[in-house]
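See below for the structure under consideration.
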Amino acid sequence: MNDSTITLPWLVIRQDDNGNRYRVGRYATRAEAQKIADSLDTRGLKQLYWVERIGQNGSGATDD
């Protein structure tokens with residue numbers, strides 16, 4: 001398997017206190033992405049972190 005065939009369908013998204021959204025990273029599993037989101041969320045800053053799955057068309061979706 002080469003790098004172009006690796007699938008990373010889970011995103012961690014950050015929203016700051018101004019409503020701006022940023023992709024933090026892409027991950028192979030929901031559990032891995034959730035672990036990162038949880039660790040960032042516990043820092044006590046005003047940012048909000050959540051996990052989304054990339055849909056078949058490349059857009060973010062919240063389905064498992």
Side-chain angles (χ1 to χ4, degrees):
M1 179 183 291
N2 63 36
D3 289 338
S4 65
T5 61
I6 296 173
T7 303
L8 301 173
W10 293 99
L11 303 175
V12 174
I13 307 293
R14 173 178 71 99
Q15 181 172 314
D16 66 20
D17 54 346
N18 294 318
N20 300 310
R21 295 179 181 186
Y22 304 95
R23 183 173 64 202
V24 174
R26 292 178 66 165
Y27 303 92
T29 67
R30 180 178 178 85
E32 182 182 13
Q34 191 64 56
K35 181 178 178 181
I36 297 298
D38 290 345
S39 70
L40 292 168
D41 200 34
T42 60
R43 293 184 180 182
L45 302 174
K46 291 184 179 181
Q47 286 81 22
L48 172 65
Y49 296 90
W50 70 89
V51 174
E52 289 185 359
R53 183 179 174 97
I54 298 174
Q56 292 290 343
N57 62 2
S59 66
T62 57
D63 57 329
D64 292 45

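What you see is a predicted model, and the numbers here were worked out from it, not measured in a lab.
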| note | CD1 of Ile13 to CZ of Arg23, rounded to nearest 0.5 Å, is 7.5 Å

| Would you say the side chain of Gln34 lies within less than 4.5 Å of the side chain of Trp50, judging by non-hydrogen atoms? | no

| request: Please round to the nearest 0.5 Å and tell me the distance separating atom NZ of Lys35 and atom OG1 of Thr29. | output: 10.0 Å

| Interatomic distance, Leu40 atom CG to Thr42 atom OG1 [nearest 0.5 angstrom] | 7.5 Å

| field | Heavy-atom pair of closest approach, residues Val51 and Ala37 | value | CG2-CB, 4.1 Å

| query | Between Val24 and Tyr49, is a side-chain contact (heavy atoms from CB on, under 4.5 Å) present by the stated rule, with each step listed? | reply | CA-CA 9 Å; Val24 174; Tyr49 296 90; 4.1 Å; yes

| message | So which atom in Ala28 and which in Trp10 form the shortest heavy-atom distance, rounded to 0.1 Å? | response | O-CD1, 3.5 Å

| field | Ile54 side chain reached by Arg26 side chain, heavy atoms, under 4.5 Å | value | yes

| query | If every non-hydrogen atom of Gln47 is compared with every non-hydrogen atom of Asp16, which pair is closest and at what distance? | reply | CG-CA, 4.0 Å

| message | A side-chain contact here means heavy atoms from C-beta on lying under 4.5 Å apart; do Tyr27 and Val12 qualify? | response | yes

| All side-chain hydrogen bond (donor to acceptor under 3.5 Å, both in side chains) counterparts of Glu32, not counting sequence neighbours | none

